[in-house]
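So the structure is just underneath, and the comments pick up after that.
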Amino acid sequence: MKRYDVIIVGGGAAGLACAVALAENKDIKILVVDAGERAGKKLSATGNGQGNIGNNDMSIEHYRSGNLKIVEKIACPAVNDPSAEVCRRIFGTLLYKSDGSGRIYPHSLQASSLTDILLRRLKGRGVEILLLTRVVNISNGFIVDCGDKKFAAAFVVLAAGGKAQRQFKTDGSAYKLAQAFGHAVTPLYPAIVQLKTDDGYVKPLKGIRANCFVKAIIGGVCKKAVHGDVIFTDYGVSGNAIFYLSSELTAHGGTVLIDFLPNYPEETLVKTLKARLAEGTAYSDILCGILHNQIARVVLKRAGAEDIDLIVKTVKSFTLEVCGTLGFDYAQVTQGGVSMEDISENLESRLCKNLYFAGEILDVDGDCGGYNLHWAFSSGVAVADDINSKLK
Ligand SMILES: Cc1cc2nc3c(=O)[nH]c(=O)nc-3n(C[C@H](O)[C@H](O)[C@H](O)COP(=O)(O)OP(=O)(O)OC[C@H]3O[C@@H](n4cnc5c(N)ncnc54)[C@H](O)[C@@H]3O)c2cc1C
């Protein structure tokens, strides 16, 4: 049986980052096993193919986890450009650009070029990658069972991702590899995902994109708010603003509150609509030219009365009750995962020495905006550093 110092289960963002950082130690024998036909396949598809790898605002408020202290220590170091340090470790020297909202991308705006860099670096450092191979069991003492092949390892890193978008071979079956060592898995929810809304009002708006200010309200409390696009669909709502809020609303539902005219305070709108009325504009046309005609019609129907104050309130606080999501096959990330209870601050199992976890498989999820790739990369590097420190 072939023997390695480290076997990494999963050649995604976290597994590849971990392998590159591990391989800084030239004496170490590393195998990456991945179920897909290409390593880094999901990484290559991120950010609409552009690879949003981080954010200028790396504060911990953008993450959810059973242990935010560990996440903060690993993913939110107090430097101005938090993506720079971890990215320098795994990509080497590279140029980045950020968009108006602080999202960081490779200058190429090509996610697949990030995968190319990682794979090239791994090849140069002699790291072996075994594709089209699913790890089905890992036994104590680390025999990694891939069905028809078995390998031995001193260290194992579980970086097999979560349950989002099974076309990338992430169908959630890897959780059982952790459960076999006694690790609990917290409830799993799709996140960064389209929301289903229990409301016939949105049906006539199907296909319309509106730039709005949107809030996620749970139990009357605003949990998150963002300015961005809402796309109306036949099942509910999508768009970057909804993706951003969805992580708050996926577990227990809640309300999406839309302000269709965020740049205008209520008083200004009341004055404007009253002036239109005084010019002889009919109530049915009062929002024409201000909002998309179909949105205007829906708002007027919902306001339900020829009352300027009520119409303005409906424009500024249009509510939709969330009744579900489109599910894991459409989600960008999994909320929940291997419980942080039995994970050390270096991401080593407290139940089994030399077993480590990195990336989305853990109970850590970040907002839309580069936070999940940043967690994948930085957790992969943190694991590599701990293993290398033990090997030295
Ligand atoms: C369409 C899409 C767009 C996204 N865009 C962004 C973005 O722009 N910015 C951002 O921050 N995040 C984005 N994300 C989320 C981000 O891609 C993930 O959070 C991140 O890739 C997780 O990295 P990971 O290495 O933990 O898991 P993955 O990248 O999912 O990799 C896990 C790997 O493990 C392998 N695997 C699974 N089970 C086994 C097994 N038993 N044996 C062997 N191999 C196995 C799989 O083949 C897979 O390659 C996006 C996600 C999707 C789906």
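Keep in mind the model is a prediction, meaning the values are calculated, not measured. Only heavy atoms go into these numbers, but all of them, side chains included; no hydrogens, no water, no symmetry mates. Both ligands and their constituent atoms are indexed starting at 1 by order of listing.
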Which of the listed options, [options], holds the heavy atom that is closest to [atom]?
atom: atom 33 (C) of ligand 1; options: T334, D171, D34, L177; result: D34
atom: atom 28 (P) of ligand 1; options: G370, G10, G12, G11; result: G12
atom: atom 37 (C) of ligand 1; options: G359, G162, A160; result: A160
atom: atom 7 (C) of ligand 1; options: A358, G47, G161; result: G47
atom: atom 51 (C) of ligand 1; options: Q50, Q332, R103; result: Q332

Identify whether NZ of Lys or CZ of Arg in K29 sits under 6.0 Å from the centre of the six-membered ring of Y4 and within 45° of that ring's axis. yes
When the aromatic ring centroids of F91 and F377 are compared, is their separation below 6.0 Å? yes
Within ligand 1, which atoms have a heavy atom of [X] less than 4.0 Å away?
X: A376; value: 23 (O)
X: A14; value: 24 (P), 25 (O), 26 (O)
X: Y371; value: 11 (O)

Would you mind reporting whether S65 and I70 have side-chain heavy atoms less than 4.5 Å apart? no
What I want to know is whether A35 and ligand 1 share at least one N or O pair that is separated by under 3.5 angstrom. yes
